[in-house]
Amino acid sequence: GNSVTQMEGPVTLSEEAFLTINCTYTATGYPSLFWYVQYPGEGLQLLLKATKADDKGSNKGFEATYRKETTSFHLEKGSVQVSDSAVYFCASLNTGNQFYFGTGTSLTVIP
Amino acid sequence: DAGVTQSPTHLIKTRGQQVTLRCSPKSGHDTVSWYQQALGQGPQFIFQYYEEEERQRGNFPDRFSGHQFPNYSSELNVNALLLGDSALYLCASSLVGGPYEQYFGPGTRLTVT
């Protein structure tokens with residue numbers, strides 16, 4: 001079947017620290033992979049995506065690489081800011097055009 | 001460019017009642033998906049509509065039903081509400097021909113008492 005597993009939070013970092021949020025997936029076939037971000041009281045916003053193995057998605061200083069051999073899509077940022085505080089969701093999209101989301105990882109960045 | 005809009009923002013209902021939530025997709029999009037997001041959880045797929053028909057369905061009971069109109073807007077109906085139906089309901093739109101990333105609305109917060 002299809003599923004997405006994220007590292008559990010909450011994660012608290014100091015400003016300018018390095019961020020990694022782990023994400024692994026199980027899927028039949030080769031899904032597209034996404035990271036979405038949700039700010040308090042808002043819907044989900046697409047952060048980045050990768051559609052095939054070894055693709056690297058990037059946006060706003062965040063990066064994630066589609067690793068087929070480890071079925072992973074870990075989110076990284078070299079220097080987090082207070083404004084990055086939010087909940088981050090990893091998701092896979094199967095060939096049936098159905099999304100599967102992880103449970104989310106809450107990030108708090110303190111000045 | 002108008003994004004995905006949903007109404008109402010918040011709703012309070014009593015057990016056993018029925019509720020209708022509404023969604024207008026992003027301009028140019030033809031596919032609408034609905035998700036339920038319980039507190040502290042990721043969104044769970046309810047169903048997807050394209051060309052006014054339900055194309056896919058997640059693991060939700062028949063109490064959850066929907067509709068898509070010719071202008072691509074959509075409704076989610078939930079009958080015989082249970083306390084466990086309390087959640088944030090998200091609508092997302094996309095293009096059936098791709099790219100397939102979904103654009104989400106701000107959601108409707110449903111509270112069942």
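Hydrogens, waters and symmetry mates are skipped; everything else that's a heavy atom, side chains included, is used. A note on names: the letters A, B, ... follow the listed sequences, proteins ahead of strands, and every chain is numbered from 1.
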Linked, directly or transitively: B/Leu21 and B/Leu82 (ILVMFWY side chains, under 4.5 Å): no
Shared hydrophobic cluster for B/Val78 and B/Tyr49 (ILVMFWY, side-chain gaps under 4.5 Å): yes
Heavy-atom contact with chain A under 4.5 Å, split by part of B/Gln6: neither
Residue part contacting chain B, namely of A/Tyr100, when any heavy atom lies under 4.5 Å: neither
From B/Gln37 atom CD to A/Thr103 atom OG1, the distance as rounded to the nearest 0.5 Å: 10.5 Å
Crowding at CD1, B/Ile12 (>12 non-hydrogen neighbours, <6.0 Å): no
Side chain, backbone, both or neither of A/Gln6 within contact of chain B (heavy atoms, under 4.5 Å): neither
Within 6.0 Å of CZ in B/Phe69, more than 12 heavy atoms from elsewhere: yes
A/Phe99 side, atom CZ; B/Gln102 side, atom CD - distance, nearest 0.5 Å: 4.5 Å
Nearest non-hydrogen partners of B/Glu101 and A/Phe34, listed with the distance: CB-CE2, 3.5 Å
Ring centres under 6.0 angstrom apart (A/Phe101, B/Phe45): no
Gap separating the CD atom of A/Glu42 from the CG atom of B/Leu88, nearest 0.5 angstrom: 11.5 Å
Closest non-hydrogen atom pair between A/Leu44 and B/Pro43, with its separation: CD2-CG, 4.0 Å
Transitive ILVMFWY side-chain link A/Val37 to A/Ile21, under 4.5 Å: yes
Set of salt bridge (charged side-chain N to carboxylate O under 4.0 Å, His left out) partners for A/Lys56, sequence neighbours left out: A/Glu63
Enclosure of B/Asn71 CG (heavy-atom neighbours >12, cutoff 6.0 Å): yes
Joint cluster assignment, A/Phe62 & A/Tyr39, ILVMFWY side-chain distance < 4.5 Å: yes
Atom of A/Phe89, atom of B/Gln41 and distance for their closest heavy-atom approach: CE2-O, 3.8 Å
Approximate separation, where rounding is to 0.5 Å, of B/Tyr103 OH and A/Gln45 CD: 11.5 Å
